[in-house]
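Encoded as structure tokens, the structure appears first; notes follow it.
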Amino acid sequence: MATIAVASTALLVGAVDVLSPRSARPGLWDISLSANGSNSRRACLADPMILTQWEHRRSACTRVVIAEHGAQATVHYTCSGGGFGQSAMTLLTPRSIRVETQGISDGLPFDYVLHARRAGDCPVH
């Protein structure tokens with residue numbers, strides 16, 4: 001009986017890890033402001049969590065996961081150039097992510113939703 005309980009617990013722990021936004025795989029992602037993927041931009045992401053600071057993706061920023069529940073993580077970040085933001089990242093499927101993000105960039109507020117779909121592996125150079 002104890003063996004079954006341990007095995008069941010291990011399966012549940014594994015299931016939670018699969019739903020976590022941090023489990024999103026690196027690779028080639030199509031990123032769009034539209035849920036249908038129109039006008040997407042393709043990017044090779046070594047860490048899909050960079051989507052949480054997409055507005056400041058070229059800046060040196062520090063990210064802190066302030067909450068994580070199942071398939072959603074809330075991330076706050078600050079950048080050396082003075083910008084900052086907070087994002088809610090939801091792993092919809094292992095290949096689809098939604099990010100609601102807002103903050104300050106270049107002294108101005110921003111607030112938008114990103115939709116990202118994994119398109120495959122990054123090209124080998």
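Please read these numbers as outputs of a predicted model, since none were measured by experiment. For this chain, numbers begin at 1 and follow the sequence in order.
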May I ask you to decide whether D30 forms a salt bridge with R42, counting only side-chain N to carboxylate O separations under 4.0 Å?
->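 Yes, D30 and R42 are salt-bridged.
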Please check if atom CZ in R57 has more than 12 non-hydrogen atoms from other residues, nucleotides or ligands closer than 6.0 Å.
-> yes
Heavy-atom neighbours of N39 CG exceed 12 at 6.0 Å = no
Does any part of the side chain of [Y], heavy atoms only, come nearer than 4.5 Å to the side chain of [X], both counted from C-beta?
| X | Y | value |
| --- | --- | --- |
| P48 | W29 | yes |
| V99 | W54 | no |
| L33 | L114 | yes |
| I66 | Q86 | yes |

Keeping the roles fixed (side chain from R95, backbone from R118), state whether a donor-acceptor pair exists under 3.5 Å.
-> yes
Backbone of N36 reached by a side-chain donor or acceptor of S34 within 3.5 Å | yes
Which heavy-atom pair separates [X] from [Y] by the least distance, and what is that distance?
| X | Y | value |
| --- | --- | --- |
| S105 | E55 | OG-OE2, 3.3 Å |
| S32 | S38 | OG-O, 2.7 Å |
| L28 | D121 | CB-O, 3.8 Å |
| P21 | A73 | CG-N, 3.6 Å |

Could you go through the side-chain contact (heavy atoms from CB on, under 4.5 Å) check for S23 and L91 one step at a time?
-> CA-CA 9 Å; S23 67; L91 187 67; 3.9 Å; yes
Quick note, disulfide (SG to SG under 2.5 Å) partners involving residues 26-55, not counting sequence neighbours, are C44-C122
Is F110 linked to F84 within one hydrophobic cluster, defined over Ile, Leu, Val, Met, Phe, Trp and Tyr using a side-chain heavy-atom separation of less than 4.5 Å?
->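 Looking at the clustering, F84 is in a separate group from F110.
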side-chain contact (heavy atoms from CB on, under 4.5 Å) between V65 and M49: does it pass, once the steps are laid out?
-> CA-CA 10 Å; V65 176; M49 288 298 285; 4.2 Å; yes
Which of parallel (below 30°), tilted (30 to 60°) and perpendicular (above 60°) describes H56 and Y77?
->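 Aromatic pair H56/Y77 classed perpendicular.
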Kindly state each residue pair satisfying side-chain hydrogen bond (donor to acceptor under 3.5 Å, both in side chains) with at least one member in residues 59-69, sequence neighbours excluded.
-> S20-E68, R22-E68, D47-R63, Q53-R63
When T52 is tested against each of I97, T74, T101, V75 for side-chain contact (heavy atoms from CB on, under 4.5 Å), which residue passes?
-> V75
